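Model, not experiment: these values are computed from the prediction. Order of appearance sets the numbers: ligands from 1, and atoms from 1 within every ligand. Numbering starts at 1 and runs along the sequence shown. Excluded from the calculations below are hydrogen atoms, water molecules and symmetry mates; all remaining heavy atoms, backbone and side chain alike, are included.
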Amino acid sequence: MGNHSSFPATLTDRFGRRVDYIRLSITDRCDFRCVYCMGEDMTFLPREEVLTLEECARLIRVFVDLGVRKVRITGGEPLVRKNALWLFEQAGSLPGLDELVLTTNGSQLEQYAASLKAANVSRINISLDSLDPARFRRITRVGDLDKVLRGIEGARQAGFRHTKLNSVLMRGVNDDEAPALVQFALDHQLDITFIEEMPLGEVAHARDSSYISNTETLHRLQSQFNLVSSTETTGGPARYWRIPGTETRIGFISPHSHNFCEACNRVRITCKGELYLCLGQNDKVDLMPILRAHPDDDNALRAAIRHGMEIKPAGHDFDLSRAEPAVVRFMSMTGG
Ligand code: SAM
Ligand code: SF4
């Protein structure tokens, strides 16, 4: 493969931010249809428009060569992709990669948790928006809560620690469950992060009526739990709180309320091989044509990735009052 420099490489954008974290969506398909994420009838991409697993593995290897230290595999639902485990095994054996992590809806985790642990996956984020089976079904349209709960238990049994729940709250749908979800996290030694709904893609409901700010959620939680603000950061958009005497971290991802962009350390790659430089902007570099035009030489790929650093935007610009979504792609394409 292409030339390697013997110096440890780094990716730095034009604002001096070091990019050492990629999130790679390995499929746009999913076994759920969460109302804030997808329409009811989604058309998924034909297979030839989706990166092969070999292309995914090559991308990860090249990014790690360029200085990336953390890779998150996401989707769609990554664990519904056939042979997804092979990719985890490839990535998990790369020298230079410090953290291989996964975001999943948990539906297949009971089956895969032990193999993912064996493949060197370091941590797992599991989405969980409700503990009520009927409500869980309403939000995911088709999901089975019990299966996800078994997946969470499977991750624990496989030896995963600091597993994190991701919860998207929607006003009038599940916003009253924030305390119950935190209590569940405490009872199971999990972390939990509340994500504000983002206007990504066109969905069946009006985003501005379902939107609930994390400030409101925090106030609700503070009336029931002793939350102590923490200075911890992961270079990402989450602010953390702790409950003294417990291991649980409570995070809030608030793209609307806080400007976290100046510390941004990440880029995203869709399952079509588009390198998106910002979740909330449309600036991108198409890596798939380059991957396919240069199957045996990584130089063009490296140059395209470096070009991406030059066009990474300063920050995002979400506005819920706009009639059209600011960003037309769905989270299931870009990866959460
Ligand atoms: N299927 C996996 C899952 O649900 O965890 C991984 C992909 S999913 C797109 C990643 C995360 O994005 C999930 O936690 C989901 O709740 C969140 N998400 C999806 N659409 C969103 C939206 N419009 N606003 C905020 N979060 C969203
Ligand atoms: Fe699927 Fe995850 Fe989107 Fe829900 S949030 S529809 S589980 S990709």
Side-chain angles (χ1 to χ4, degrees), residues 23-42 44-45 72-81 84 101-109 112 116 123-130 136-145 147-148 151-152 155 163-171 173-175 177 181 190-208 210-214 217 236-238 251-257 266 268-271 276 279-280 316 318-320 325-336:
R23 298 164 82 109
L24 172 64
S25 170
I26 63 166
T27 179
D28 60 331
R29 287 164 201 257
C30 187
D31 51 345
F32 290 2
R33 295 285 183 278
C34 301
V35 291
Y36 48 77
C37 179
M38 293 193 176
E40 192 151 14
D41 296 310
M42 290 291 283
F44 295 110
L45 292 167
R72 177 173 302 280
I73 305 293
T74 177
E77 174 46 42
L79 298 181
V80 301
R81 175 122 193 213
V101 294
L102 160 71
T103 301
T104 173
N105 65 23
S107 69
Q108 314 292 313
L109 212 46
Y112 287 117
L116 291 165
R123 265 174 307 103
I124 303 184
N125 289 357
I126 305 172
S127 299
L128 183 68
D129 302 327
S130 178
F136 184 85
R137 171 64 57 93
R138 235 174 295 135
I139 296 172
T140 60
R141 291 198 180 101
V142 289
D144 177 356
L145 174 64
K147 227 170 143 188
V148 173
I152 294 172
T163 299
K164 190 172 85 174
L165 302 178
N166 279 337
S167 303
V168 175
L169 296 182
M170 301 169 75
R171 189 182 297 285
V173 177
N174 63 340
D175 56 324
E177 270 196 79
L181 287 162
L190 304 166
D191 291 338
I192 182 165
T193 292
F194 292 99
I195 308 174
E196 286 179 352
E197 186 181 0
M198 290 178 249
L200 301 172
E202 197 106 42
V203 290
H205 61 275
R207 300 271 194 191
D208 52 356
S210 58
Y211 173 71
I212 170 159
S213 79
N214 272 338
T217 303
F252 294 90
I253 298 187
S254 313
H256 307 97
S257 343
R266 61 202 58 194
R268 295 175 161 80
I269 306 162
T270 68
C271 58
Y276 275 104
L279 180 62
H316 70 238
F318 288 131
D319 181 358
L320 289 168
V327 166
V328 288
R329 62 190 189 271
F330 286 95
M331 186 77 118
S332 53
M333 289 284 301
T334 320

Report summary line: Among Ser127, Cys30, Gly76, Ser25, closest by heavy atom to atom 6 (C) of ligand 1 is Gly76
Report summary line: Per-atom filter on ligand 1: closer than 4.0 angstrom to a heavy atom of Gly75 are 7 (C), 9 (C)
Query raised in the report: Any N or O of Glu197 that comes nearer than 3.5 Å to an N or O of ligand 1?
Result: no
Query raised in the report: Are Met38 and ligand 1 in contact, using a heavy-atom cut-off of under 4.0 Å?
Result: no
**Report entry** Enumerated ligand 1 atoms positioned under 4.0 Å from heavy atoms of Cys37
**Finding:** 19 (C), 20 (N)
Requested in this report: Could you check if a side-chain atom of Leu181 sits within less than 4.5 angstrom of a side-chain atom of Leu128, using non-hydrogen atoms only?
Outcome: yes
Report task. Indicate yes or no: at least one non-hydrogen side-chain atom of Leu79 is less than 4.5 angstrom from one of Asp31. Result -> no
Query raised in the report: Atoms of ligand 1 less than 4.0 Å from Val168 heavy atoms?
Result: 16 (O), 26 (N)
Report task. Indicate if the distance from atom 3 (Fe) of ligand 2 to the nearest N, O or S atom of Cys37 falls below 2.8 Å. Result -> yes
**Report entry** atom 4 (Fe) of ligand 2 reached by Cys30 (N, O or S, under 2.8 Å)
**Finding:** no
Query raised in the report: Between the side chains of Glu196 and Ser213, is a donor N or O closer than 3.5 angstrom to an acceptor N or O?
Result: no
Report summary line: If we number the atoms of ligand 1 from 1 as shown, the ones under 4.0 Å from a heavy atom of Thr74 are 6 (C), 7 (C)
Query - Atoms in ligand 1 with a heavy atom of Met198 nearer than 4.0 Å - result: 22 (C), 23 (N), 24 (N), 25 (C)
Query raised in the report: Quick one: does Asn166's side chain get under 4.5 Å of Lys164's, heavy atoms only?
Result: yes
Query raised in the report: With a cut-off of 4.0 Å, which atoms of ligand 1 are near a heavy atom of Glu77?
Result: 1 (N), 2 (C)
**Report entry** Separation of Asn105 CG from Glu77 CD (nearest 0.5 Å)
**Finding:** 3.5 Å
Report task. Check Asp129, Leu145, Val168 against Ile139 for a side chain to side chain contact (heavy atoms under 4.5 Å, CB included) and give me the one that passes. Result -> Asp129
Query raised in the report: Which of the listed options, Gly75, Ser107, Cys34, holds the heavy atom that is closest to atom 6 (S) of ligand 2?
Result: Cys34
Requested in this report: Applying salt bridge (Lys or Arg N to Asp or Glu O under 4.0 Å), name anything that partners Arg138, two or more places apart in sequence or on another chain.
Outcome: none
Query - Nitrogen or oxygen of Tyr36 less than 3.5 angstrom from that of ligand 1 - result: yes
Query - Close approach of Gly76 to ligand 2, heavy atoms, under 4.0 angstrom - result: yes
Report task. To the nearest 0.5 angstrom, please state how far the OG1 atom of Thr104 sits from the CD1 atom of Ile73. Result -> 12.0 Å
**Report entry** Distance-only donor-acceptor check, side chains Ser210 and Glu197, under 3.5 Å
**Finding:** yes
Query raised in the report: Counting from 1, what ligand 1 atoms have a heavy atom of Thr104 closer than 4.0 Å?
Result: 2 (C), 3 (C), 5 (O)
Requested in this report: Starting at OG of Ser167, measure out to CD1 of Ile192 and round the result to the nearest 0.5 Å.
Outcome: 4.0 Å
